[in-house]
Amino acid sequence: MNVRRSAAVLAAVAVLGAAAPAAADSSPSPTPQALPSALYGDADPQYDGVWRQSLALLAQHAAGVEPPKAAVGWLAGQQCADGSFAPFRADPSAACDAKTMVDTNQTAAAVQALAALGGHDAVTEKAVGWLKSVQNKDGGWGYTAGGASDTNSTSVVVGALAAAGERPGEVRKGGKSPYDALLGLELPCTGKGAGAFAFQPEKDGSLTANADATAAGVLGALGQGLLAEPGKGEGATSGSCVKAATPEQAAANGAAHLAGELAAKGYLLAATPGAEDQPDVGNTADAVVALAAQGDTAQAKKSYAWLEKNAAGWAAQSGPAAYAQLILAARATGADPRDFGGTDLVKQLQAAGPAAPEKTTKAAESAEEEKDESSPFGVWWFVGVCLVAGIGIGFLISNRTKRQQP
């Protein structure tokens, strides 16, 4: 989830960036335009608008917060007529054409977000239909239609299929399922990187361990998406790597590899050739989610504790997708995203998007009830004045309402 490719490198296999699709194009940026008010973040959305919006909505849903309707509507409105999504369409009213750079990752992320929120069946069904139509013969997906299958893209599509109520293992092309593709991208149990997933095969067909691909591969093999549920298994470190004949074993192998990489320092290192070793915060957050989903709660919580101490600054610099990653990690480990080492991740994420009341449905109801009980401005109240005069009794009822808007 942490590393994506931009439209400028669709034909490449290099994994770049952090938290979302990153541009690797040296060509001039397009003329700056006013960003949609419903979009999360103020960075150029050309390569990651739908991706970061989807993560932002998923994270709020995970935290029990109802996202602003405008933000949800913007995401749904980005869909092309064939069901696919591009990273960003400045003018959604204009029809998509051959120049519209749609991709599987944005489409699958949008499906996961809209399916979680509910009420967008027509959009998600059309998107799933498009994803099925561009499945490769090995059962997997590439970043773009027809591109070579990679672990990250295949896994995020598996998450979309599951979120939409499909059975990923039954979605086949050429007799192959997404799980077949993932099994083919996992390293053997011997040698360096045993049990890890590669992003894609090298030119010579060999596989190289990739931490981000491994975190994604674990979720994909488990049939889970970005909004992963905590696992109830024996844990990733309970056994050694075993040749994977099933997606469940592949997930256990991949999680064991991640746990081993995290054991020493609690975080993953950024793989930047020629640079000093630096913590890879985004990949560490993804690894926490993967481990928690597999059932290795011990290592997941240890690394989450490291994130609490070290990731707030990274998220503030990286933007809404980074806050969303941390919120999803908190959910997977059973932590409170509103108390992330003294930082309220939910509040910070919401501040990066359109204004909306920061209330969960239950919280809103509780606040309304409390208001009714304690505030004269939030209820219908009556003042009776009895006037007794001479031979008769009359009374006047004054009904006054001052309902305070939430």
Can you tell if the side chain of [X] reaches within under 4.5 Å of the side chain of [Y], non-hydrogen atoms only?
X: Leu219; Y: Ser155; value: no
X: Leu117; Y: His61; value: yes
X: Leu55; Y: Gln325; value: yes
X: Gln60; Y: Pro68; value: yes
X: Leu207; Y: Pro201; value: yes
X: Leu57; Y: Val72; value: yes
X: His257; Y: Asn253; value: no
X: Asn310; Y: Pro279; value: no

Any side-chain donor near an acceptor of the partner, Asn152 and Asn105, under 3.5 Å: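 Not at all, the side chains of Asn152 and Asn105 share no donor-acceptor pair under 3.5 Å.
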
Side chain to side chain donor-acceptor pair (under 3.5 Å): pairs with one or both residues in residues 84-94, sequence neighbours excluded: Asp82-Ser84, Asp91-Ser93

Once rounded to the nearest 0.5 Å, what's the spacing between atom [atom1] of [X] and atom [atom2] of [Y]?
X: Trp130; Y: Gln79; atom1: CH2; atom2: CD; result: 10.5 Å
X: Gln135; Y: Thr154; atom1: CD; atom2: OG1; result: 8.5 Å
X: Trp314; Y: Leu307; atom1: CH2; atom2: CG; result: 8.0 Å
X: Gln348; Y: Asp344; atom1: CD; atom2: CG; result: 7.0 Å
X: Asp277; Y: Leu269; atom1: CG; atom2: CG; result: 5.0 Å
X: Leu268; Y: Trp306; atom1: CG; atom2: CH2; result: 9.0 Å

Val134: which of Asp103, Val102, Thr104 passes side-chain contact (heavy atoms from CB on, under 4.5 Å): Thr104

Donor-acceptor pair, distance only, cut-off 3.5 Å: does the side chain of [X] make one with the backbone of [Y]?
X: Gln53; Y: Tyr40; value: yes
X: Thr151; Y: Ala198; value: yes
X: Asp48; Y: Trp51; value: no

side-chain hydrogen bond (donor to acceptor under 3.5 Å, both in side chains) between Glu202 and Thr208, worked out: CA-CA 7 Å; Glu202 303 292 342; Thr208 301; 3.0 Å; yes

Heavy-atom closest pair, residues [X] and [Y]:
X: Val128; Y: Ala164; value: CG2-CB, 3.7 Å
X: Leu349; Y: Ile327; value: CD2-CD1, 3.7 Å
X: Ala322; Y: Ala315; value: CB-CA, 3.8 Å
X: Leu326; Y: Ala285; value: CD2-CB, 4.1 Å
X: Pro354; Y: Ala38; value: CD-O, 3.7 Å

Residues in salt bridge (charged side-chain N to carboxylate O under 4.0 Å, His left out) contact with Glu229, at least two apart in sequence or another chain: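 Glu229 satisfies salt bridge (charged side-chain N to carboxylate O under 4.0 Å, His left out) with Arg331 once adjacent residues are dropped.
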
Non-neighbouring partners of Lys132 that pass salt bridge (charged side-chain N to carboxylate O under 4.0 Å, His left out), sequence neighbours left out: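 Residues passing salt bridge (charged side-chain N to carboxylate O under 4.0 Å, His left out) with Lys132: Glu166.
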
Below 3.5 Å, can you tabulate the donor-acceptor pairs from side chains in residues 118-126 to any protein atom, sequence neighbours excluded?
unit_1 : atom_1 : unit_2 : atom_2 : d
Thr124 : OG1    : His120 : O      : 3.3
Thr124 : OG1    : Asp121 : O      : 3.1

Aromatic plane relationship, Phe340 with Tyr304 - under 30° parallel, 30 to 60° tilted, over 60° perpendicular: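 It falls in the perpendicular class, over 60°.
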
May I have the list of side-chain donor-acceptor pairs in residues 176-188 shorter than 3.5 Å, sequence neighbours left out?
unit_1 : atom_1 : unit_2 : atom_2 : d
Ser177 : OG     : Tyr179 : N      : 3.2
Ser177 : OG     : Asp180 : N      : 3.4
Ser177 : OG     : Asp180 : OD2    : 3.4
Asp180 : OD2    : Ser177 : N      : 2.8

Pairs involving residues 312-321, ordered by first then second residue, that meet salt bridge (charged side-chain N to carboxylate O under 4.0 Å, His left out) (sequence neighbours left out):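 Pairs touching residues 312-321 that pass the test: none.
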
